[in-house]
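Heads up: the structure comes next, in structure tokens.
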Protein chains: 2
Amino acid sequence: MSKIHDIKCLHCKQSSEIFASLDSDELERIEVCRVNMHYNAGEIIFKQGSPCYDFVCITTGLVKLFIEGDDDRRLIIGFAKPVDYIFVPGAYVDKRHHFTAVALEETTACLVEADIIQNLVKTNSQFANSFIRKISANSIGLYEQMSSLTHKQIPGRMSDTLIYLSTKVYNSNPFSSNLTRQDLAELSGMTKESAIRVLKTFKDDGIISANANQIEILNMPMLEAISRNG
Amino acid sequence: MSKIHDIKCLHCKQSSEIFASLDSDELERIEVCRVNMHYNAGEIIFKQGSPCYDFVCITTGLVKLFIEGDDDRRLIIGFAKPVDYIFVPGAYVDKRHHFTAVALEETTACLVEADIIQNLVKTNSQFANSFIRKISANSIGLYEQMSSLTHKQIPGRMSDTLIYLSTKVYNSNPFSSNLTRQDLAELSGMTKESAIRVLKTFKDDGIISANANQIEILNMPMLEAISRNG
DNA sequence: AATTTTTAATGATCTATATCATCACTCCAA
DNA sequence: TTGGAGTGATGATATAGATCATTAAAAATT
């Protein structure tokens with residue numbers, strides 16, 4: 001991790017909805033105090049339980065967010081990608097991180113003191129509104145994942161995971177990622193072995209193709225049906 | 001369900017943190033448009049998937065909130081009690097309810113148009129702050145439940161449920177509730193039969209006592225140990 | 001008081017999925 | 001070139017927990 005040279009906040013204002021409501025003066029306030037960071041694949045950006053001082057905004061790369069349980073079970077609860085900040089619920093509550101963020105690939109991020117953002121929420125009602133909208137969408141996503149994890153069994157959960165990755169994370173159909181089978185398993189609340197096995201049945205049934213790190217959904221209606229039937 | 005006569009908003013301002021930052025003028029704005037409702041035990045306050053127009057604030061009674069999956073599996077994701085409003089994430093996103101709210105006992109609630117609250121968020125930064133804090137705490141709770149549901153097995157999950165009920169919902173140790181075994185199961189992500197069985201082993205081991213609708217945690221350290229060990 | 005409905009309790013069985021063990025393959029470092 | 005170290009793939013086995021079936025008890029309704 002090292003501080004690197006980078007472009008202005010204005011660029012982020014253009015790419016990310018959440019910053020659209022900020023004027024140049026407000027952007028300047030962020031500009032002066034932000035720290036640009038670089039992370040290699042696999043590096044921890046912040047860890048569950050640690051104190052949270054900063055808002056993290058991903059400018060390039062991809063980050064996975066996961067909850068760590070006792071022993072070493074993990075549950076991936078989402079991803080952060082350019083250009084969006086990671087909503088850290090502890091920032092307003094106990095100043096602790098409640099999940100861990102790890103770079104999946106080479107990633108750059110801006111760190112901004114939590115106070116600055118919280119001040120913008122107070123002074124710019126438009127920004128506060130987008131902020132709450134973002135948190136709300138986040139919550140809705142959590143409800144959906146919870147529902148999938150607790151109500152469905154393995155094929156249904158893996159379907160949800162694949163659909164989620166294709167439509168929400170990579171936004172393309174043959175999508176290539178460097179997610180391992182272990183990652184897919186942690187997204188779907190199952191073991192690596194189970195993940196490998198369902199993926200194989202999906203392949204055998206011509207629902208998906210999966211070579212190396214590229215996955216293609218060949219039969220989306222079928223996948224959706226499996227998701228629906230749990 | 002019927003509209004009934006009731007006390008002023010000022011009372012709620014006194015009891016609930018979230019309304020503390022509102023001045024008399026703002027309370028008046030709420031006062032004039034709110035509708036007071038009465039629900040009998042078992043009645044639906046709002047249902048998953050239905051459009052959401054109003055913020056719901058519970059003034060007396062107790063409400064359970066749950067996600068409905070396909071078939072008729074449910075997952076209880078929390079409770080609402082006096083005096084607090086139910087955070088409805090759809091209000092800022094898709095104007096839909098993402099979970100169902102049902103009165104567990106005789107309950108009264110105030111309904112306030114979502115617009116009014118959203119306006120208060122815009123005009124009163126102190127209120128916006130408490131609002132975000134509340135949502136954040138909500139998210140943290142969701143992460144904790146998710147972690148419990150996906151990482152722990154039955155005894156651990158039931159321990160979490162009992163500890164949660166005693167410390168967060170009823171705030172007393174021998175607590176009496178009209179939650180059924182089915183409800184306890186839906187809180188813990190298991191079947192009714194499994195819930196009955198763990199509760200029996202807990203009773204046999206002297207960890208809890210459970211008669212009729214009263215449950216007492218007799219050995220909290222042991223229950224916490226079970227929770228920790230999954 | 002009688003009857004129907006809901007809830008609780010418990011045993012028997014089944015199955016989805018975890019666990020364990022092994023092997024092949026790739027990639028990187030020594 | 002040779003070993004790890006990480007990942008993927010598969011089979012064998014074990015088991016936690018669901019499902020099914022039944023009875024008992026309590027609550028609600030007639």
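All chains are named by letter (A, B, ...) in the order of the sequence lines, taking the proteins before the strands, and each is independently numbered beginning at 1.
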Check your understanding: Does a side-chain heavy-atom distance below 4.5 Å link Val88(A) with Phe55(A)?
Key -> no

Tell me if a side-chain donor or acceptor on Thr161(B) pairs with a main-chain N or O of Ser159(B) at a distance below 3.5 Å. no

Side chains of residues 206-228 of chain A: which donor-acceptor partners sit under 3.5 Å, not counting sequence neighbours?
residue: Asn219(A); atom: OD1; partner: Met222(A); partner atom: N; Å: 3.1
residue: Ser227(A); atom: OG; partner: Lys152(A); partner atom: NZ; Å: 3.1
residue: Ser227(A); atom: OG; partner: Asp160(A); partner atom: OD1; Å: 2.6

Per-helix bend value, the helix from dA1(C)-dT30(D) to dA30(C)-dT1(D), C1' rotation axes over five pairs per end, 10° rounding, shows 40°

Heavy-atom contacts, protein to nucleotides 25-30 of chain C, under 4.0 Å, summarised as B (base), S (sugar-phosphate only) or - (none) per nt, yield ------

Expected string for nucleotides 9-19 of chain C under the B/S/- scheme (protein heavy atoms, under 4.0 Å, primed atoms plus P, OP1, OP2 as sugar-phosphate) is BBBB---SSSB

Output all residues satisfying side chain to side chain donor-acceptor pair (under 3.5 Å) with [X], sequence neighbours left out; order by chain, then residue number.
| X | answer |
| --- | --- |
| Ser136(B) | none |
| Thr180(B) | Asp183(B) |
| Ser177(B) | none |

Contact span of DNA chain D against chain B, any nucleotide atom under 4.0 Å from a heavy atom, 5' to 3', runs dA16(D) to dC20(D)

Glu68(B) meets the salt bridge (charged side-chain N to carboxylate O under 4.0 Å, His left out) criterion, sequence neighbours left out, with Lys47(B)

Across all chains, not counting sequence neighbours, the salt bridge (charged side-chain N to carboxylate O under 4.0 Å, His left out) partners of Asp204(A) are Lys200(A)

Ring pair (Phe, Tyr, Trp, His ring centres under 6.0 Å) pairs touching residues 187-219 of chain B, sequence neighbours excluded, are none

- [ ] Please check if any side-chain donor atom of His98(B) sits under 3.5 Å from a side-chain acceptor atom of Glu144(A), or the reverse.
- [x] no

The complete set of salt bridge (charged side-chain N to carboxylate O under 4.0 Å, His left out) pairs with one or both residues in residues 80-96 of chain A, sequence neighbours excluded, reads Asp84(A)-Lys134(A)

Taking every heavy atom of Pro89(A) against every heavy atom of Tyr143(B), the minimum-distance pair comes out as CG-CE1, 3.7 Å

